[in-house]
Amino acid sequence: MSKSEVKIYHGAIVCKETKIRGDVTIGSMTIVHPCATIIADAGPIVIGDGNIIEEQVVIINRLPENSQNKDDISTLRIGNNNVFEVGCIVETSSIGDNNVLECKSYIGPGIKLGVGCVIGAGCRLTLPETLPDNTLVYGKNCIRKIISDKPPNQNLQREFLTKVLPNYHHLKKSKTAIMQIAPQ
Amino acid sequence: MAHLSQQDVLIACSCGSLRPLIKLYFCRHCIVLRCGYCVSQEVDSIYCSNCLENLASSEAKLKKNRCGACFDCPCCFHTLTIRATTISRINPPVDGSPTPSKTSVKNYYLSCFFCRWTSRDAKIPDKLTATSSNWPEHENTYTARISSLIEYFKIITLRERLEKENRMFLHSSRRGYQHFSEKFGLTAMLARKRAGLPPLSLGRDDTSTLPHIAPSIASEHVEPLPDDVFTEAIDIVKLTSLPQRFGIPDLQPELISNLFPIHKQLFIKRSQRCRSCLHNIFKPEYGPASIKFKLHLAAYYYVPEIRLMEKIKLKRRQYTHLMLKISNPAQISTQIQFLQFEDVTDIVQNNEVFNFEEKKDDSIDTKSITNLAPIQKKTYPLEKSRRITFKTNGKINLPDVIISLPARDDTAEYDEANDSDMYQDNPSVIVWRKGNKVIVKFSVIPNNDVEDNEDIKIGFIMRYSYHGKIISPLEQKGNKDIRLLDIKIFISIRVCISPTELLTSGNYQIRTYLGKLMS
Ligand SMILES: [Zn+2]
Ligand SMILES: [Zn+2]
Ligand SMILES: [Zn+2]
Ligand SMILES: [Zn+2]
């Protein structure tokens, strides 16, 4: 893997221990914890601004199992201000803004999240579909409903992590040279 | 924790029901096992599990056993929390100041962190204070009807009780009445009655006249279904489930949007009392926040624990080794012996020497109990012991040894020294020993008539020496109070495999192959 493929925008906090492979772009103010894994095998992964990616999270853009066609490139796009809580696994191709993926949740390939969705702790979504905005999936039976309440604002948490993480971890250097407009 | 709730090893309670060790109590005074069926359960205190407020039983009854301040989510039944939002409001320009001023107001609403239901979904207006009271209540349309019925039946109970009392009063001499006052709240009335005074005329309590209640009338009129019921597609996301509807029995809403916060149900702390000797055997501390016990006579502090060591595969018409780990939980060493059911029957009676007369006044709380005893003896019917319904379909060979187990010593866990030399163990019986634990080798054979894949059930008696706890210093007369207790143990072993199946299984082939290599 050539090392120049990881693009980190100004203000993002990405720890050196984080496992990142392939063509990954991380937007500004996004925080990636040291034990997260981001793997872009099948195509690039573009992560927007202000996301929090916690420990043991796996974001993976993997080739579909039955397709041998290596040219079949698809981009995994993640919007802004999403929270990926500890241990969640993302294999989908598109996530919008302001979503919360609670601990140990799983989003399989082909499930598209819109805006303001909450995937409850331990919920597994495996069949391809597009979730309507503000969908909540909760409980062991993955019951769904539409919520009126917005997920709580993560600004304070993000500020705290921005201060604390550099004290205890070496960071991946952000490529200040590429001061372009953030992707999306 | 998984091993604690294991159902493989069951123990017969003195009443005959089979329970795992952790579900049993041990009455120190009767020196028998007790289970949840054969103890009397008493309510110690009533409290709210969320705000930990302690309520008197009368107050709890008044509030219908629900907390006034805490709510449960009507959607998923988790506890609702109060959440704050800041809303900035632009005030209209006041005379004198040219620009409109901005003020931010904190608003509070109830929210469920699990399913994100909020009181805004129920269209309950936000509150300006964070205090947990004064949330709007929905009015039950049948309140008047229900209360009139309750009133009616209260008077009927009162009347019947008085009649019964009168009858009993003639036969029995003076008896305490505390227990009735606690139970039915009839203090003043019954006190007067007992003292032989004429009842106070309280108008309402005039039991000769019953209030008039209107009987409910059956109606044939049923609301017709709405026209769109067959044409409109059902949106399941918006409909409530049955548990949600029954959570609010007076509303039973059909739509999620009509759900209403439920007052949190109160919890109780229970204490358990032995029904034959009336001693407490299990008593939690009174405060709702405390998780400690004043008295905690669980069987796993007194009875040696037996655990299955490994899953074994049984063969037909062949003995298979069964390893059982036995540990002594008591603070005093014990001796264990194993017996078949056939051996015991008559020996038990000879060995058990009950000396109740001596032990009568040795406990601290006996006094308070003896006061209440004459009444309470009436209220605790003793459980009739039932037959043990456990059909064994295998036979276990028991080693003819007496195993001595030292007392439990928590520091021994960290002690590397091997103390197995201290005991003259037969290595073909006792495979391993450390501290208060041993592994004993048994052998098991299934009966000839068992089906394939049927669990093999075996049973035997564990006889162990129990050293009666020294309760008062006066009783320290050495090791006088040793008695042998017989505990009936029932073990189920999963899945019996026939010899033909075993030959084909890979595991067996590898083992025989290895066996050939070794020889
Ligand atoms: Zn029992
Ligand atoms: Zn409460
Ligand atoms: Zn809820
Ligand atoms: Zn007892």
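Per chain, numbering begins at 1; letters A, B, ... match sequence-line order.
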Heavy atoms from other residues, nucleotides or ligands near CD1 of B/I87 exceed 12 (cutoff 6.0 Å): yes
Heavy atoms of other groups near B/F293 CZ, more than 12 under 6.0 Å: yes
Interchain contact, A/I147 with chain B, by part (heavy-atom threshold 4.5 Å): side chain
Extract the chain A to chain B donor-acceptor pairs under 3.5 Å, no hydrogen or angle test applied.
| residue | atom | partner | partner atom | Å |
| --- | --- | --- | --- | --- |
| A/E102 | OE2 | B/R116 | NH2 | 2.5 |
| A/K145 | NZ | B/C115 | O | 3.2 |
| A/S148 | OG | B/D121 | OD1 | 2.6 |
| A/D149 | OD1 | B/Y109 | OH | 3.2 |
| A/D149 | OD2 | B/R83 | NH1 | 3.0 |
| A/D149 | OD2 | B/Y109 | OH | 3.1 |

From CD1 (A/I143) to SG (B/C75), nearest 0.5 Å: 7.5 Å
Per-residue contacts, residues 109-126 of chain A versus chain B, heavy atoms under 4.5 Å: A/V118
Any pair counted as ring pair (Phe, Tyr, Trp, His ring centres under 6.0 Å), so long as it reaches residues 225-247 of chain B, sequence neighbours left out: none
Other residues, nucleotides, ligands: >12 heavy atoms within 6.0 Å of B/I236 CD1: no
By salt bridge (Lys or Arg N to Asp or Glu O under 4.0 Å) - contacts of A/E91 (at least two apart): A/R62
